[in-house]
Amino acid sequence: MVSREYKLSSLSWGEVFLIFIKNRRLMTVLDIKYLRNNFEEVTKRLEHRGEDLSDLERFGEIDQKRRQLIVETENLKAKRNDVSKQIPILKKEGKDVQPVITEMREVGDRINELDQELRVIEAQLKQIMLSIPNIPHESVPVGEDEEDNVEVRRWGEIPEFSFEIKPHWDLGTELGILDFERASKVAGSRFVFYKGLGARLERALWNFMMDYHAEHHGYEEMLPPYLVNRNSMTGTGQLPKFSEDAFHIEAWDYYLIPTAEVPVTNYHSQEILKEEDLPQKYVAYSGCFRSEAGSAGRDTRGLIRQHQFNKVELVQFVKPEDSYDALEQLTGHAEKILQLLKLPYRVMSMCTGDLGFTAAKKYDIEVWVPNQNTYREISSCSNFEDFQARRAGIRFRRGAKGKPEFVHTLNGSGLAIGRTIVAILENYQQEDGSVIIPEVLRPYMGGVEVIR
RNA sequence: GGAGGUAUACCCAAGUCUGGCUGAAGGGGUCGGUCUUGAAAACCGAAAGGGGUGUCAAAGCCCGCGGGGGUUCGAAUCCCUCUACCUCCUCCA
């Protein structure tokens, strides 16, 4: 790398990100130059992420080649346009245009060759850019893995039991509200049937959550498609890097959504929103489908890790200057549900090594699971800054005449339903194996107070 | 599944048959003004897509008429293909 002077101003990853948007045109952001001129600085800020950055090494070379090709073809195109305009005039004057046409034919051939080359280069560049993770926010703790995540706060009293507690899968099976055995017969492992009051409880939870976020937190309710196309999966960052995590319908090239984040964030893809539309907040209920490739042997029993689960998801589109306040609020919205359910939890700030590919900052909310004597993730709240907005082309305009800018996107579970069931069954269990229904859910349960 | 049709800028909409001063008309809306006590209407005027390249900055240039490809010296216009929407038939929760 050539040595350069680095501007050490703070940057979001988005400022250096470029991507194809519709037309497969290479959309460079105003700050493509930032990546060129501050390449090593950017790489440095990415190094704690634990992601493979080998592709990035080829950026300089490819970027330069690309611009060289563009200059060359554009000069030729300018010439062609110019001459083509002259041809009808010359014809009118009765001049022989054949030599000019022949010459332009050659120019055209050359343009085609160069365009071909350019196409290849741009595809490579796109591949590189899509494989680069988001840049962590400066407030994110530096660390390698989950050991280095930082606890931000705790809420609630951990319950004490005077009897021997049971895991939720035993409780659920004995109460006849969960059936794992038949699910594995009908589908396979990591699936479940909810029955009777179990099904009712699941349904009560998502209704309660949807109602609460819509009525008290200002979200607009949404029910999204469960299948999405490749573009959408790329927009939110699941593709191209993590295709093995998703279920894919090959005949259609559709993907089963791993979270409502995908359809809901892409709801505004390729749009320019009005300033007054922001913040835009959606709460969506959906099924979620995950292959759990690489999780073999982990959480094999129970509801914690299923191929299919239900989730209520919060998604926000906000102005860049508002996104970190929005992250705190959104996390609070998810916490509120646990507080109303009276389930103890803690909030963890993910360290640089545990951030995932797409987030600039992320809080996990972990609920107390008695049988495991630990906290388990029940919600994940992230600020993506403009990472997804660039990939999905989501912008807004300040006033009537402003230049389009990228929005910031955020989302968080509010909450994962299956894991909420786990927490309720285990935390509210009684000595006789019955389970008390949290008060806020009883109106949704037809007044049922106990499952026995 | 069968038969047609449509896609142009924030919105509506010409242009497509007959390729070239369309380097996208005309409206609406928006903004400014005149008039008015204020507003509406009317009239006058203005700005107006999104990218790329280039540069200290700019100018300039390139791209852009649903997406992609092709024909041609030259494509909104001709050809191929994909997608979305509409109408009718068929089927279906």
Side-chain angles (χ1 to χ4, degrees), chain A residues 4-5 7 14-37 62-123 125-126 129 223 225-232 234-235 251-254 263 266-277 386 389-407:
Chain A
R4 302 175 197 275
E5 287 185 6
K7 276 184 261 172
E15 283 165 330
V16 296
F17 203 86
L18 58 94
I19 190 180
F20 285 90
I21 54 167
K22 70 174 180 182
N23 317 350
R24 281 183 57 240
R25 201 142 302 283
L26 198 53
M27 185 171 72
T28 336
V29 225
L30 31 136
D31 306 87
I32 168 107
K33 293 182 190 94
Y34 198 99
L35 180 54
R36 278 177 207 143
N37 299 333
I62 290 182
D63 175 56
Q64 199 171 10
K65 179 72 179 165
R66 169 178 170 266
R67 286 187 296 154
Q68 180 200 323
L69 283 169
I70 286 174
V71 168
E72 204 176 337
T73 51
E74 288 194 351
N75 285 338
L76 288 174
K77 283 175 182 172
K79 182 179 180 185
R80 179 177 69 181
N81 289 344
D82 199 40
V83 173
S84 292
K85 247 186 311 178
Q86 295 303 320
I87 285 178
I89 297 169
L90 292 174
K91 268 188 184 168
K92 236 175 243 173
E93 292 171 357
K95 298 204 172 128
D96 179 17
V97 293
Q98 201 50 48
V100 185
I101 288 180
T102 308
E103 191 198 342
M104 282 306 103
R105 188 173 296 147
E106 282 164 20
V107 170
D109 289 346
R110 180 67 185 146
I111 289 173
N112 280 343
E113 284 172 30
L114 292 172
D115 273 344
Q116 286 299 337
E117 250 183 275
L118 188 57
R119 241 175 265 179
V120 173
I121 291 289
E122 296 204 331
L125 197 52
K126 178 188 178 189
M129 300 318 288
L223 297 176
Y226 289 12
L227 297 178
V228 296
N229 58 34
R230 178 176 294 271
N231 248 347
S232 296
T234 306
W252 292 74
D253 201 21
Y254 282 157
N266 282 286
Y267 182 73
H268 288 302
S269 67
Q270 308 305 338
E271 293 184 11
I272 300 176
L273 304 172
K274 292 185 188 134
E275 185 176 14
E276 57 265 31
D277 291 338
D386 59 10
R390 284 178 192 275
R391 296 167 75 103
I394 309 167
R395 292 174 293 173
F396 78 104
R397 201 193 300 276
R398 291 183 201 269
K401 301 201 172 164
K403 269 267 169 201
E405 297 172 50
F406 290 102
V407 303

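Below, chains carry the letters A, B, ... as their sequence lines are ordered, and counting in each starts from 1.
Side chain of A:Arg105, nearest nucleotide from B:U53, B:C73, B:G50: B:C73. Looking at the side chain of A:Val71, the nearest of the listed nucleotides B:G50, B:G54, B:G20 is B:G54. Each of B:C73, B:C62, B:G51 was ranked by its minimum atom distance to the side chain of A:Ile101; first place goes to B:C73. Among B:C73, B:U53, B:G51, the nucleotide with an atom closest to any side-chain atom of A:Arg395 is B:G51. Out of B:C73, B:U53, B:C61, the shortest distance to the side chain of A:Ala78 is found at B:C61. Counting only heavy atoms from C-beta on, A:Arg119 has its side chain closest to B:G69 among B:C61, B:C63, B:G69.
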Structure string for RNA chain B in dot-bracket form, Watson-Crick and G-U at under 3.5 Å, | interchain: ((((((((.[[[..)....(.....]]].(((((.......)))))...((((......))))..[[[[[..)....]]]]])))))))....
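A:Val83 comes within contact range of no nucleotide atom at all, as no heavy-atom separation falls under 4.0 Å. In this structure, A:Asn75 reaches neither bases nor backbone, as no heavy-atom distance under 4.0 Å exists between it and the strands shown.
Remark: A:Asn81 is in phosphate contact with B:C62, judged by side-chain N or O atoms under 4.0 Å from OP1 or OP2. Contact annotation: A:Arg397 does not reach the phosphate of B:C10 (side-chain N/O to OP1 or OP2, under 4.0 Å).
Between the C1' atom of B:C63 and the CD atom of A:Glu122 lies a distance of 11 Å, rounded to the nearest Å. Distance CD (A:Gln68) to C1' (B:G54): 15 Å, rounded to an integer number of Å. Rounded to whole Å, the distance from CG on A:Leu118 to P on B:U53 is 11 Å.
Mapping A:Pro88 and A:Thr73 onto RNA chain B by nearest heavy atom places A:Pro88 at the nucleotide closer to the 5' end.
By the salt bridge (charged side-chain N to carboxylate O under 4.0 Å, His left out) test, A:Glu106 is found to be paired with no residue, residues two or more places apart in sequence or in another chain being considered.
Of the possible donor and acceptor atoms, none in the side chain of A:Ser84 sits under 3.5 Å from a partner among the backbone N and O of A:Asn81.
A donor-acceptor contact under 3.5 Å links the side chain of A:Lys91 to the base of B:G20.
The pair A:Glu113-A:Arg110 counts as a salt bridge, with a side-chain nitrogen and a carboxylate oxygen less than 4.0 angstrom apart.
B:G19 sits 13 Å from B:C79 when the C1' atoms are compared, rounded to a whole Å.
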